Amino acid sequence: MRFIGRAIFVLSALAGTGPLCAESVAVAVAANFRVPMQALVEAFGGHHEVTLISGSTGGLYAQIVNGAPYDVFIAADSERPRLLGQSGLAAAATQFTVASGQLVLWSANRELQPNADIRDLLGDDIRFLAIANPALAPYGEAARQSLVQLGIWEKFASRLVYGTNVAQAYAMVATGNAEFGLVALSQVMDEKTPGSYVIVPSTLHEPINQDAILLNRGAGNPAATSLIEFLSSSPARSLIRQFGYRADL
Amino acid sequence: MDLGPVWISLKLASVTVVVLILIGTPLAWWLAFTRSRWRAIVEALVALPLVLPPTVLGFYLLILLGPAGPVGRFWVQLTGDTLTFSFLGLVIASVLYSFPFAVQPLQSAFESVGRAPLEAAATLGASPIDAFVRVASPLALRGYVTAIVLGFAHTLGEFGVVLMVGGNIPGVTKVVSIAIYEQVETLTYSQAHYLSAGLLAFSFVVLLLVYVINRRIPINRIQA
């Protein structure tokens, strides 16, 4: 009982400090964008206290719908922010594309020519090609569209293995289980990444947009609105590009 | 509605249980009666899947069973096929993560049978195997029922490991738990409800059966 009493005391003391923490922002960010977002937060400035909550876009969306205390939402698609704006849980007018992902064909153990034709690389000897699940992950849908556009979807349908997200597709290739994977440039551009990759032309698939939106809770929070503004600034965009995303709107 | 994943799950759970009982019985027997100092280590190893997050287990199995891993490479050399992304790979993964659910009930059942009935059987001229089949196994029947049902149900419900090791290939490694996850994520709740409610009802009935059966099995009954 004494513990509970103390806990209540501490909680009420914390609640009392509310006005002092006005400069804090809670950002729900799709897991794939967490690392660039950390860099963006550092660039944003030290006087704001930004907390990042990362998870799957669908998971974060469900949390927000059920009243999670977040100010800003950065999704791995445009759809979920749009739905939040439509249902009045976020300010629809604040939605914009922070970054666009780039799809690459990656092998962990082959040397690929940077301008090689993807159809030539994906020969008959390939046993498994890893992609993210098209039904669940934007990178998976982009991979599916690209394979269809290239006319090799049918050929590879029986050799595709699916990760829940692009991180799992990456793991399947990194561990040598799949010879190739269609993954994100942001995952493989680091020099320490084994193997090599070829960028899939962005004309082969719909844009892989990461959209941000100001949630209702953040509407009255100046720090949240200035973070949203900062994300579309040119210093932020050049930072985002360094992580393998397009940010040229 | 696509029932393919349901059949794959049922097939996987059945095969897994058979393997679990075949491997689990001698191991549980050894654990129940050994005085070896290795016993604690083996017990800890057996219990590991209870505490490890499925993604950890899945990731290590992906490495271990993959064509670059020690087990996977051997298998590729032997058969020309890979273990990961195959039904056999799923069986191996399932056996590993359901291991404690089969071994622990068997071990405690053997422990409660004790040495006395076996020693009595030996005095009457029964060989050790004879004594095990005719005396110890029937006495440990409750343990077997629990091990079979828990091993089956746990395999049916597992998700994280099979997703990593199986690659979610429709018709080969796409099991019912992954199908449900996909439907929830894509907001097709009505489909998800059918499968989820089915799984829930099935699991409840199975567990209910265990408790009913276990109540009906007298603790000390030796079959003539």
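Quick caveat, the model's predicted, so the values are computed rather than measured. Chain letters run A, B, ... following the sequence lines, proteins first and then strands; every chain starts at 1.
- Nearest approach of A/Gly176 to B/Pro67, heavy atoms of both residues: O-CG, 2.9 Å.
- Contacts between residues 130-149 of chain A and chain B, counted as heavy-atom pairs separated by less than 4.5 Å, involve A/Asn133, A/Ala135, A/Leu136.
- No option in B/Asn168, B/Thr173, B/Ile169 other than B/Ile169 meets the side chain to side chain contact (heavy atoms under 4.5 Å, CB included) test with A/Val161.
- Minimum heavy-atom separation, A/Asn177 to B/Gly66: OD1-CA, 2.8 Å.
- Contact annotation for residues 18-35 of chain B against chain A (heavy-atom separation below 4.5 Å): no residues qualify.
- Around the CZ atom of B/Phe87, the shell of radius 6.0 Å holds more than 12 heavy atoms that belong to other residues, nucleotides or ligands.
- Heavy atoms of other residues, nucleotides or ligands lying less than 6.0 angstrom from CG of B/Leu78 number more than 12.
- Heavy atoms of A/Thr57 lying under 4.5 Å from chain B are absent altogether.
- Taking chain A as the reference chain and counting heavy-atom pairs below 4.5 Å, the highest number among B/Thr82, B/Ile178, B/Leu65, B/Ile63 is found for B/Thr82.
- The stretch residues 42-62 of chain B places B/Phe59, B/Leu62 near chain A, each with some heavy atom under 4.5 Å from a heavy atom of that chain.
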Listed pairs under 3.5 Å, donor-acceptor, residues 7-14 of chain B side chains, sequence neighbours left out:
| from | atom 1 | to | atom 2 | distance (Å) |
| --- | --- | --- | --- | --- |
| B/Ser9 | OG | B/Pro5 | O | 3.4 |
| B/Ser9 | OG | B/Val176 | N | 2.8 |
| B/Ser14 | OG | B/Leu10 | O | 2.6 |

Worked check of side-chain contact (heavy atoms from CB on, under 4.5 Å) between A/Met172 and B/Phe85: CA-CA 10 Å; A/Met172 287 167 173; B/Phe85 313 139; 3.8 Å; yes
